[in-house]
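Chain naming here is simple, since letters A, B, ... match the order of the sequence lines and numbering starts at 1 in each.
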Amino acid sequence: MITTIFDVPTPADFSFAATVHSHGWRELPPFHYDDNRHILSVPQRLRSGTTVLRLSSPDDQELIAQVESEAPLGSGDEETLRRVVRTCFRLDQDLGEFRGFIDDISGYDWVARHRLGRLLVSPTAWEDLAKTLATTNMTWSGTISMCRRLVSLGEPFAGGFCFPTPQEIAAVDPVRLAEVTKLGYRAAYLHEMATKIASGDLDVEAWREGDLPTDELYRKITALKGFGSYAAGSMLGLMGRYERLAIDSIVRRVFRDQMNGGREATDKDITAHYGRFASWAGLVMWLDVMRASLVPYLETRKPQRP
DNA sequence: TTCCAGGGGTAGA
DNA sequence: TCTACCCATGGA
């Protein structure tokens, strides 16, 4: 096994811990997070074979990537891997406007203090869509289980599997897909999406990079079977757009218990509450939801960049 | 068995 | 657009 190490510069407001723990994605295969060594592993297919990126950042000033591969990296491979790192940690996202916005709102000083706001995403939009579909109508442990089974249909490598490509999922019989993955009724939806992507009828990767208006993007996502307001709002957030709220059972519970005196609130109430955050509403809502678990965790970790 | 999940879909107003 | 209601499926 050959080991290659390189580092990727990070923005001044970057926090590795805050991003890795921004939501549950680190727990969904083929991501793997080592909680003791603070290393996120991401398998990646290259022309020269499959590699595993082991990503860490002791001081938040750069991301350190350790790559293990069976053959030396081919030309362009390192650049491909750097792109994957920048994508997953959304390093190219400029959160400056958000920092200025939230700094002016009282009661949110903890956001800047812990450099919160970056969300961990998958290497491809396809993978994020598949995982988001696996969160619908399902417990979190069930989502993890479905992702583990889904990944078993991807290309194997020493130590695990890559996330299956749309082509690989499209090639599986839908009935067998449901049996293997336990995706249930979602299997047909995933198969249909994979087939459209594989045939070129649907270009979901362009959604991330494109400059489509958010409302139009929302319509495109909700046009996919199985994607309603929650799933589409969630996907928009993973693409750096926060106008739409992804209201799920966690949001409702936390809002009720921590922000509404224990009284049940309707989705309309929640939406109205976050209205003042305008284009940052979805991000602020999610940070509020995460605050109780995330902030204490981050405070127990050694102080990093002062 | 029942109940719920990081809900979706749709008819009717 | 909003609401009420029904529907799906796995796991605890």
Task: A:Arg37 and A:Asp34: CA distance, side-chain angles, deciding distance, salt bridge (charged side-chain N to carboxylate O under 4.0 Å, His left out) verdict - done: CA-CA 6 Å; A:Arg37 295 191 298 159; A:Asp34 183 329; 3.0 Å; yes

With hydrophobic residues grouped by side-chain heavy-atom distances under 4.5 Å, do [X] and [Y] end up in a single group?
| X | Y | value |
| --- | --- | --- |
| A:Leu238 | A:Leu212 | yes |
| A:Ile39 | A:Leu53 | no |
| A:Leu46 | A:Val8 | yes |

Open item on the list: Can you tell me how the ring of A:Phe277 sits relative to the ring of A:Phe101, calling it parallel under 30°, perpendicular over 60° and tilted otherwise?
Closed with: perpendicular

TODO: Tell me which nucleotide among B:dG7, C:dA12, C:dT9 gets nearest to the side chain of A:Ser141.
DONE: C:dA12

Task: From A:Phe98, A:Phe14, A:Phe89, residue fulfilling side-chain contact (heavy atoms from CB on, under 4.5 Å) relative to A:Arg118 - done: A:Phe14

Provide, to the nearest angstrom, the distance between the [atom1] atom belonging to [X] and the [atom2] atom belonging to [N].
| X | N | atom1 | atom2 | result |
| --- | --- | --- | --- | --- |
| A:Tyr189 | C:dA8 | OH | C1' | 8 Å |
| A:Tyr185 | C:dG11 | OH | C1' | 14 Å |
| A:Lys131 | B:dG7 | NZ | C1' | 20 Å |
| A:Met146 | C:dG10 | CE | C1' | 8 Å |
| A:Arg148 | C:dG10 | CZ | P | 16 Å |
| A:Asp269 | C:dT3 | CG | C1' | 14 Å |
| A:Met138 | C:dA8 | CE | C1' | 10 Å |
| A:Met193 | B:dG8 | CE | P | 13 Å |

- [ ] For A:Thr80 and A:Asp77, test the side chains for any donor-to-acceptor distance below 3.5 angstrom and give the result as yes or no.
- [x]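 No - no donor-acceptor pair under 3.5 Å links their side chains.
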
Do any of [range] sit with a heavy atom less than 4.0 Å from DNA chain B, and if so which?
| range | result |
| --- | --- |
| residues 22-31 of chain A | A:His23, A:Gly24 |
| residues 220-234 of chain A | A:Lys225, A:Gly226, A:Phe227, A:Gly228, A:Ser229, A:Tyr230, A:Ala231, A:Ser234 |
| residues 246-266 of chain A | A:Asp248, A:Ser249, A:Ile250 |

TODO: Please tell me which of A:Arg186 and A:Lys268 maps to the more 5' nucleotide of DNA chain C, matching each residue to the nucleotide holding its nearest heavy atom.
DONE: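 Comparing both residues, the 5'-ward one is A:Lys268.
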
TODO: Could you check A:Asn137 against A:Gly142 and say which one's nearest nucleotide on DNA chain C is further toward the 5' end?
DONE: A:Asn137

Task: Aromatic centroids of A:Tyr297 and A:His21 separated by under 6.0 Å - done: yes

Task: Note, A:Trp110 side chain near A:Leu116 side chain (heavy atom, < 4.5 Å) - done: yes

TODO: Remember a base hit wins even if backbone is also touched, and classify A:Ser145 as base, sugar-phosphate or nothing at under 4.0 Å, heavy atoms.
DONE: sugar-phosphate

Task: Which atom of A:Leu183 lies closest to which atom of A:Arg186, heavy atoms considered - done: O-NH1, 2.8 Å

- [ ] Indicate the atoms forming the closest heavy-atom contact of A:Ile2 with A:Ala71, along with that distance.
- [x] CD1-C, 3.8 Å

